[in-house]
K.L.:
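After the structure tokens below, expect a handful of questions from me.
Each chain gets a letter, A, B and so on, in the order the sequences are listed, and its residues count up from 1. Keep in mind that the numbers below use all heavy atoms, side chains included, and drop hydrogens, waters and symmetry copies.
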Amino acid sequence: MGLLDVLPWRREKKVAAAKDDDLFDDEFQRKLDYLALVSRRVFAGRLRAERRTKKSGSGVEFADHRDYQPGDDFRTLDWNVYQRFDRLLVRLYEEEEDLAIYFIVDASRSMGFGDGSKLRYAKKVAAALAYVGLANLDRVSIVTTTDHVSGRMPETRGKARIFKAFRFLRAVQADGTTDLGDAMKTFVAQNKRRGLAVLISDLYDPSGFEKGINVLRYNKFDPFVVHVVDPTEGKPKLNGDVLVYDCETGDEREVTVTQKVLTRFGEAYEKYLAEVERYCATHQVPYVRAGIEVPFDEMILRVFRRGGFLR
Amino acid sequence: MIFAGLPIAELVAIFAAVGFGVLVLYILKLRRRVVSVPFSPLWERILRDKEATSLFSKLKRLLSLLLQLALLALLVLALGDPRAAESLIKGRNVVVLLDASASMQATDGSPTRLDAAKDEVKRIIRGLGGADRMLVAQMDAMVTPLGPMTGDTSALERELDGVRATDARADFPRALRFATDVLRGVDRGEIVVVSDGALGDASDASGAVHLGEASLSYVKVGKSSRNVGVTQFSVRRYPLDKSRYEGMLELSNTGTEAEDVELQLLGDGALVDLTKLRLQPGERLPRFYPQLSGASRTLEAKIALVDGGHDSLPADDHAYALLPERRRAKVLVVSGGNTYLEAALLLDEYLDVTDVPPRSYPDAIARGDWDAVIFDGVTPAERPKANALYLDPRGPGSPVKVTDELKQPGFDKLDRKHPTVRFLALDDVNVSLGHKLVPESGDKVIGASDGGASPLLVAGTRGGYKFVAMGFDVRDSDLPLRTAWPLFVVDCVNWFTDEDAQYLSSFRTGEVWRVPVAAGVAQASLRLPDGTTQPVPVHEGRAVMLGERTGFYELTAGEQTIDFAANLLDPSESAIAPRDALVVDGKNAGEISGFHVGVRREIWIYLLLAAALLTAIEWATYHRRVTV
């Protein structure tokens with residue numbers, strides 16, 4: 001320890017670094033194994049590893065029947081059913097392919113606001129989901145974004161590659177402003193292979209959180225939103241005359257904070273969260289609100305139950 | 001309204017300068033605390049709503065500014081020390097005479113008249129102007145100033161707390177003379193009498209009191225006149241039968257309604273007599289109790305209304321008396337035989353008489369402690385160490401010089417006030433032969449012949465012992481055939497033993513009491529009816545004190561203990577109906593004027609209090625975000 005380390009701010013930096021080092025410790029990894037196991041039990045009866053696309057017909061495994069539509073391939077007609085029920089039904093097969101899962105971690109300054117707990121939480125969630133993906137033999141890639149794609153871990157597969165993911169995530173620092181729209185445009189341009197795009201962000205985007213999600217949707221990605229929420233941000237400990245400034249944009253605003261103002265801010269905050277949730281529900285985007293006060297393993301299970309991640 | 005502090009021009013200048021400063025400070029931008037937030041658009045949302053009410057916000061800021069300016073105005077006004085214009089008029093010098101006589105104990109005030117009077121005085125004190133000065137004096141049998149002449153109202157009010165009503169009448173002339181003395185040579189002197197008006201005439205032995213330049217005001221207190229009181233009470237033992245006594249008392253109804261009263265006479269606390277009486281308005285009813293007997297020493301008369309109610313003045317519902325103590329007196333008679341003398345001494349059963357012939361006198365005088373020695377035609381060579389009555393003294397042992405022989409002397413001149421001859425008819429006593437006595441300095445000639453030129457009866461003291469010398473042999477006169485003879489002998493013995501027939505069964509309050517005490521005592525101690533003890537000075541053989549309380553007293557002087565009683569017994573104090581007017585020096589006392597409560601109130605204190613209140617409001621509204 002250097003002489004200057006006795007200074008409080010130096011100590012804080014050390015503490016923050018130590019926290020990042022411990023992010024993916026043994027305990028964490030044990031929990032990942034447990035989660036991978038649980039993911040299988042939750043979806044018991046499914047075959048191992050392979051994920052199934054929404055596409056049907058070209059695979060070998062029967063999936064379902066549907067009514068015959070003019071133009072359907074006659075070869076897929078189920079004549080046995082026709083004979084028995086006098087209905088023309090088409091046999092559907094699941095098409096198997098190894099799915100690409102992209103974890104898009106928001107690494108803007110707002111994610112590092114305060115003691116950086118939101119970013120740490122996002123990293124843990126990303127690492128856990130990546131492990132489950134890798135364990136299911138999916139192609140997993142992690143990107144970090146601000147107003148651009150600031151970091152990228154190339155696609156990889158196999159459980160052993162999780163340490164690469166850990167290394168990548170450990171190096172992620174919160175910096176820069178948020179512009180999910182621009183960042184996602186870059187992302188879709190860089191990743192031609194479509195797949196599941198898990199967006200892990202606080203969605204504090206001055207230009208609108210919808211933009212980024214829409215870019216993914218419009219480019220045939222399957223967006224999955226993990227909304228990282230720090231509940232204390234809805235109840236700031238402020239009082240009196242203050243000059244609030246945005247930690248990302250630096251925008252300033254004079255506010256005289258009273259109990260009434262705090263109540264209204266809380267209401268605005270809740271309204272914002274509700275807007276995000278309503279948007280996702282409306283656009284059939286799987287959405288999970290990840291409050292950082294919830295243990296991350298419980299959060300992962302919540303993701304599993306929500307569906308859309310494991311198929 | 002005037003400003004006793006800074007002048008108005010300066011106040012305006014200060015207000016303008018500081019007000020400008022307040023204004024400048026007010027329009028200065030508030031330095032705010034810088035706080036980082038993760039997402040400012042959320043704040044933008046609520047601030048957009050807030051801006052919709054910005055006009056109201058501006059008004060609130062204006063209100064806050066006005067509050068500050070009001071605060072400043074109050075402080076600047078306080079600097080000016082504003083006062084009521086009346087407070088700066090030329091100061092008056094006021095002497096308040098507060099009646100604390102017995103009638104002020106009447107319970108028609110709050111709760112007594114004296115309390116009501118105190119309230120009136122307090123009202124006057126609070127109405128004093130800034131330059132006024134006041135002296136409050138308690139007026140009862142004495143005049144007691146409660147403090148110096150001062151303008152300190154709190155000190156004046158404090159002084160009042162110690163005033164207690166006495167059981168004495170007020171000496172109004174003395175109080176007026178005191179007040180005029182205080183105000184002599186002083187401008188704007190004013191005398192205020194706070195009383196029920198039962199003060200008597202404003203004149204005394206020196207004549208009527210003249211007020212001079214001072215004006216007189218009268219503040220009346222009291223309203224009730226209902227009172228029945230004991231206005232006379234006296235007891236005495238019969239001179240010739242001291243085992244019996246008689247009592248006399250007088251009841252007065254000074255109210256305007258007839259009253260039924262129950263009169264109790266208590267002897268040593270036990271009921272002796274109980275009578276129900278009806279007294280008409282203004283009636284004074286005497287009652288005699290003859291031929292009372294018993295061992296009672298203290299007597300107490302007590303009255304109560306039959307209907308169970310109370311009259312307005314309880315102080316005169318009790319009266320106290322003390323019978324003279326009876327004790328046996330040892331009398332030595334040195335005589336060759338005198339039947340008349342022996343017969344006279346038989347009258348008083350409390351006398352232990354020892355007869356001895358002249359030759360046995362030395363043994364007898366050496367044997368006992370005699371209260372009185374009677375020498376009948378015998379004069380010892382050496383004067384006895386006892387009080388002595390000399391009948392026809394001769395020789396060098398006589399206390400007075402015996403000179404010329406007097407043929408057929410008589411009592412041409414008598415000192416009828418002397419205890420030995422009081423009430424005795426000695427003028428026409430016939431004496432065949434006597435001798436002229438020559439008194440020494442300090443001796444008293446009680447009876448003398450030849451138009452007063454030849455003393456026949458002389459009294460005085462020798463060596464601290466009393467003596468009476470009579471210059472003839474009673475057997476040479478017709479005195480033994482008269483009623484006066486045994487009375488004279490008994491009176492002499494009583495005088496020797498201090499059993500005075502003129503014994504006072506009680507003193508009157510409000511008078512200076514002079515109680516004889518044993519010779520050589522310089523200081524006495526007096527136990528008052530309430531049990532407290534106070535030292536009493538002794539002057540010329542008498543303990544001197546001013547009596548102000550009714551009840552039984554005990555005076556201790558050396559080894560001697562003297563009991564006595566004191567009563568109000570004053571019909572003028574019992575007549576408690578308050579008087580509407582007070583006449584002094586031929587003029588009616590005016591009503592009090594010029595005392596306005598609050599005139600000397602210091603407004604700056606209230607201004608500062610208002611400023612503090614405004615600050616509190618500003619503080620509360622600021623922190624509650626009402627004015628920001």
Side-chain angles (χ1 to χ4, degrees), chain A residues 106 108-114 116-119 174 177-178 201-209 228-230 232-234 236-273 275-276, chain B residues 19 21-72 612-628:
Chain A
D106 181 359
S108 66
R109 270 197 289 273
S110 68
M111 288 291 284
F113 184 76
S117 52
K118 276 195 298 186
L119 184 61
T177 57
T178 307
S201 168
D202 56 8
L203 301 179
Y204 286 156
D205 189 345
S207 53
F209 66 89
V228 182
V229 173
D230 182 354
T232 60
E233 288 174 2
K237 288 178 180 170
L238 297 179
N239 196 18
D241 297 306
V242 293
L243 179 73
V244 297
Y245 77 95
D246 194 300
C247 69
E248 287 186 7
T249 62
D251 288 345
E252 292 179 345
R253 185 78 196 199
E254 288 181 355
V255 189
T256 301
V257 182
T258 62
Q259 194 54 46
K260 198 173 162 188
V261 169
L262 284 178
T263 306
R264 288 171 61 187
F265 179 81
E267 288 167 1
Y269 182 76
E270 289 299 328
K271 194 175 165 190
Y272 180 76
L273 296 184
E275 270 176 30
V276 174
Chain B
V22 169
L23 209 58
V24 168
L25 289 173
Y26 217 78
I27 57 179
L28 274 182
K29 198 170 173 66
L30 185 70
R31 186 184 177 87
R32 290 166 183 269
R33 191 155 52 94
V34 179
V35 177
S36 168
V37 294
F39 192 50
S40 64
L42 280 177
W43 288 98
E44 294 285 342
R45 286 189 185 189
I46 61 163
L47 292 176
R48 270 202 302 276
D49 298 340
K50 205 171 163 65
E51 276 165 5
T53 58
S54 61
L55 178 63
F56 181 58
S57 300
K58 281 175 188 167
L59 281 178
K60 285 198 294 188
R61 284 179 63 81
L62 185 63
L63 179 68
S64 181
L65 174 63
L66 289 177
L67 212 58
Q68 300 284 345
L69 290 177
L71 200 64
L72 175 65
L613 181 67
L614 268 188
T615 309
I617 292 171
E618 164 68 358
W619 184 88
T621 53
Y622 178 84
H623 286 277
R624 291 239 164 226
R625 306 290 163 194
V626 176
T627 50
V628 288

K.L.:
Of the backbone (N, CA, C, O) and the side chain (C-beta and beyond), which part of A:P236 lies under 4.5 Å from a heavy atom of chain B, both, or neither?
P.N.:
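It is the side chain, since no backbone atom gets that close.
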
K.L.:
Output yes when a side-chain donor or acceptor of A:D246 lies under 3.5 Å from a complementary backbone atom of B:S40, and no otherwise.
P.N.:
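Here the side-chain-to-backbone pair exists.
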
K.L.:
Below 4.5 Å, heavy atoms only, C-beta onward: do B:V34 and A:V242 meet side chain to side chain?
P.N.:
no

K.L.:
Is a salt bridge present between B:R45 and A:E275, judged by a nitrogen-to-oxygen distance below 4.0 Å?
P.N.:
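Result for this pair is yes, salt bridge flagged.
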
K.L.:
Could you grab the distance from atom NZ of A:K260 to atom CD1 of B:I46, nearest 0.5 Å is fine?
P.N.:
11.5 Å

K.L.:
To the nearest 0.5 Å, what is the distance between CZ (B:R32) and OG1 (A:T256)?
P.N.:
4.0 Å

K.L.:
Given a strict heavy-atom distance threshold of 4.5 Å, which part of A:D230 is in contact with chain B: side chain, backbone, both, or neither?
P.N.:
neither

K.L.:
Would you say the side-chain atoms of B:R33 pair up with the backbone N or O of A:N239, donor to acceptor, closer than 3.5 Å?
P.N.:
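Yes; at least one donor-acceptor contact below 3.5 Å.
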
K.L.:
Would you confirm whether the ring centroid of A:Y269 sits within less than 6.0 angstrom of the ring centroid of B:F39?
P.N.:
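For B:F39 and A:Y269, the ring centres are not under 6.0 Å apart.
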
K.L.:
Could you tell me whether the side chain of A:V255 reaches within less than 4.5 Å of the side chain of B:W43, counting heavy atoms only?
P.N.:
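Yes, close enough: below the 4.5 Å cut-off.
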
K.L.:
With sequence neighbours left out, write down each residue that passes salt bridge (Lys or Arg N to Asp or Glu O under 4.0 Å) with A:D106, or none if nothing qualifies.
P.N.:
none

K.L.:
How many angstroms lie between CG in B:L42 and CD in A:E267, if you round to the nearest 0.5 Å?
P.N.:
12.5 Å

K.L.:
Run the numbers on A:L243 and B:V35 for side chain to side chain contact (heavy atoms under 4.5 Å, CB included), then give the verdict.
P.N.:
CA-CA 6 Å; A:L243 179 73; B:V35 177; over 6 Å; no

